[in-house]
Amino acid sequence: MSVFFKNRVDDAHGGVLIAISNEFICTQEPQLESDGEMVWVKLQLVGSKSLYICAYYRPHVGDAASLEFLSQSMEKICNQRNNHVWIVGDFNFPGWDWTDPQHPVLKPSCTYPGLHRQFVDLLGDHNMTQIVDKPTRHSNTLDLVLMSNESCVNCVRTLPPIGDHDLVFVEADLRPRKHKAKPRKVFLYKRSNWEKFRDEMSDFKTHFIELANSDIKVDELYNLFTSKLTACVDKYVPSKTTNDRKHLPYITPDLKRLMRKRDRYYRKTMGQNTPERKDRLNQFKKDINKKMKDCYWSYIESVVLDIDVDDSKQGKCCNKQGTKKFWSFLKSLKSERIGVEHLKSDGVLVSESKDKANLLNQQFQSVFTTEPSDDPLPDMGPSTCPSMPDIIIDEDGVKKLLMNLNPHKASGPDHVHAYVLKELSDIISPILQIIFQKSLDSGTVPEPWKGANIAPIYKKGDRYKVENYRPISLTSICCKLMEHIIASTMMSHFDTNDVLYDMQHGFRQGRSCETQLLSLVDDLAANRNNGIQTDMVLMDFAKAFDKVPHRRLIHKLEHYGVRGKPLAWIQAFLTGRTQRVVLEGECSDSVPVPYGVPQGTVLGPILFLAYINDLPNHAAHAKVRLFADDCILQMAVREPQDCVNLQHDIDNICSWEKTWLMQFNPSKCEVMSIPASKTPICYDYILHDTIMNKVSKAKYLGLTISANLSWNCHVDNVSAKPNRTLGMLRRSLWIASVEAKGRAYMALVRPSLEYASSVWDPHTADQVSRVEAVQRRAARYVCNNYKRTASVTAMITDLEWQPLSYRRKTARLTTMFKILHNTISVPHTSSLVPAARCSRRTNHAFKLQTIACKTNYNRLSFFPRTIQEWNELEPSVAEAESLSQFKAELGRASLH
């Protein structure tokens, strides 16, 4: 055992220690240490990056000096970019709640909040992640583990203490298991002989149309089409077989030429051991290394510059292919895991790919709901919805769908690739139009459309547990086109007849997370402004999409006017479905999918919306908000009876849940009260005989909403993730190009800072500065200037970056323009009243009446705040005829 320690200078009983097995080669690294209590050790690992471990102790919660020493040490280790870094010890930050290590929450009782935030910022600056999520001393998490690559962690545990602190146990793989990929056939579509391909498919089309006029079944028609298409792909599209050789795209012809020259010289001088030969080979090595380094970073720079950022979309990346390449590069640097680790089943470790695939498929199948076939269907009363009109599938419409396909999308179980469908859209569209119409008219669905290939994706928790993986389905592309036709017709029917619940904002045009949050937060602020308490119950469905029973779903669709051929087609689409897990080149056995709305399909979300559409009808008193399967019951509480009424609504929704065979998860359902006085009305709400957990803050659709309506917690969260991303860029992307690093920041960091910013736009100087601090750190990174005396404001000016506060104001005004022009739906139009008196000489035609507010919470919420700024706009801006014109005029106005 090798032991490394550092004693406390002023106390013989203190210090830190690292003990390492003699199996490892390890050395102490005193140059990384600073004056604090810490010791650094380097482990040299065969076939892997080196591991730097630091044991650290911070004696007191208010000890700023120890935190500064840690910062200095982390600056030194930052240069070790290509190695693993772990920092462990007692950090003494009891003010952080680490229940969700990705989003730590500052406790209300926190002392020294500035030091606590400084610590979290330090983690972000250096791309370090804290992974301990359990208390280690009483109710506080004091003992932390910081890692530069948290994806290597298998599990984290706390063990019984030796002294007064629990022990922290971490199991991690520094060398991710590389699953040997099975050789597979890859088609090179860009080298295809499309001319001959078109000619043969044109001849087939003529024959197919003649055959379709007979009584041939749709299954046979589709199999005939796919067989011909597959044969033509094999014939006219060249292919290659993948191998295990790592492809290095930055190896240029010049570099290969230099390598060949080195190899020729080596072969020519074999057997000679002269100093001249040694010097020449060393020179070759230096030249090749320098050339390879230049080529590598030149390639990386081109990848980053391939990310197109549209500033009008607030930094959102437009070039998805470029972003995918960039993230692939970053994952390779971070040694991200690919695939599924060994799994445990009944205490037995499962490592074979086939066995793991079957184990995961059994887990995914186990969540389905059982619906008795003889169970009478619930009575929904007489239907008031007219029947949905018949669907006539048009050839031009099919061609348009084919033209809009993403050629890089993966194919489904039928192996029909989007690249071929898009390239031959003019020839294939009449064939698919016949198949689609015949399928709809006959109420039958081809068997290949009912299968799904499942890709398991790790969520969180222990990696060896099957329940910590979620399924992603890949289905037939042709079936998705047919679903798109059915779904668009259904949605048009629902919108025309006002079928869907108005406050359902999921999967609907003109509605989004932002519109739902705008309405919710404005309601909460208005109630508090009027001295009214608001109680919110956040309901969580357990495996919502997988538990939808088919008979009841068909019954509801018929009630909502989906009848005749479309209903028969949907019933056939849901019946007889199968799925299999595809993992590491192996496939599990196919299993039936008897229940549930198929995820990964176009039609699935709309079917789910229809299924839970009547849930709000069972809440007689509370306001119900839905976003897909996220449900909130919101109640204005003026007296204790209102709490009783809310409990009745919860009981009624539980009755709906049992009737329609859905299931809420009581452990994940929460209650939050937004009080309006110092003596709030308290009530214990019960779900399934369990008192629901009361919280002072809750995360909903990506926003952390606090009971005091302050955005402090959300600002902490919203700056933490971009800080980590920025720290990752700093460690991984150290190219010299200012433009490339700026592009990476705008595409990968800034969007996280601006998600739904029109809802939470902060107003306090502290909150504004904490968000701006991320951009200021980014400016230092982009300009590669970390001098304390350097002006960050000057850097931001040189980079021509707008302040984030200005961008948030622009986002709010843009959202207001969309609301007034009905391009988005926010059900709070009662706040938007035209001004009673409007002078055309000094005001614009869209001036609105301001909202009187008693509290800052309401005055600084979206509608009161934005209306006032909207009224101050120039007429040329507010009266713009289009969104693009509005943004252009708003930008010009800001320059003057």
Novice: Could you measure the distance from the CG atom of L281 to the OH atom of Y266? Nearest 0.5 Å is fine.
Specialist: 8.0 Å
Novice: Nearest 0.5 Å, what's the CG-CD1 distance between L229 and I427?
Specialist: 10.5 Å
Novice: I'd like to know if E586 pairs up with K356 as an ion pair, taking the criterion as any Lys NZ or Arg NE/NH1/NH2 lying under 4.0 Å from an Asp or Glu carboxylate oxygen.
Specialist: no
Novice: Cut-off 3.5 Å, side chains only: do E423 and S425 have a donor facing an acceptor?
Specialist: no
Novice: I'd like to know if E75 and R788 make a salt bridge, using a cut-off of under 4.0 Å between side-chain N and carboxylate O.
Specialist: no
Novice: Flag the pair K185 and D234 as a salt bridge only when some basic side-chain nitrogen lies within less than 4.0 angstrom of an acidic carboxylate oxygen.
Specialist: yes
Novice: Could you verify whether a donor N or O on one side chain and an acceptor N or O on the other, from Q28 and E33, lie under 3.5 Å apart?
Specialist: yes
Novice: Working note: N453 + R580, criterion side-chain hydrogen bond (donor to acceptor under 3.5 Å, both in side chains); need CA distance, chi angles, decisive distance, verdict.
Specialist: CA-CA 5 Å; N453 289 339; R580 61 178 184 175; 2.9 Å; yes
Novice: Between K399 and D426, does at least one N-O distance fall below 4.0 Å, as a salt bridge requires?
Specialist: no
Novice: I'd like to know if D263 pairs up with R260 as an ion pair, taking the criterion as any Lys NZ or Arg NE/NH1/NH2 lying under 4.0 Å from an Asp or Glu carboxylate oxygen.
Specialist: no
Novice: Is there a donor in the side chain of S476 and an acceptor in the side chain of D414, or the other way round, less than 3.5 Å apart?
Specialist: yes
Novice: Please report the interatomic distance CG(L401) to CG(L432), rounded to the nearest 0.5 Å.
Specialist: 10.0 Å
Novice: Taking the six-membered ring for Trp, are the ring centroids of H417 and Y189 within less than 6.0 Å of each other?
Specialist: yes
Novice: Look at R262 together with D287 and state whether they make a salt bridge at an N to O cut-off of under 4.0 Å.
Specialist: no
Novice: Would you say the side chains of W449 and T475 form a donor-acceptor pair under 3.5 Å?
Specialist: no
Novice: Using distance alone, with no hydrogens and no angle criterion, decide if S737 and E301 have a side-chain donor and acceptor under 3.5 Å apart.
Specialist: yes
Novice: Hey, is R776 close enough to E772 for a salt bridge, meaning N to O under 4.0 Å?
Specialist: no
Novice: Is it true that E200 and Y236 share a donor-acceptor pair across their side chains at a distance under 3.5 Å?
Specialist: yes
Novice: Do W801 and Y745 have ring centroids that are under 6.0 Å from one another?
Specialist: yes
Novice: Taking K290 first and then D294, would you say they form a salt bridge - that is, a charged N and a carboxylate O separated by under 4.0 Å?
Specialist: yes
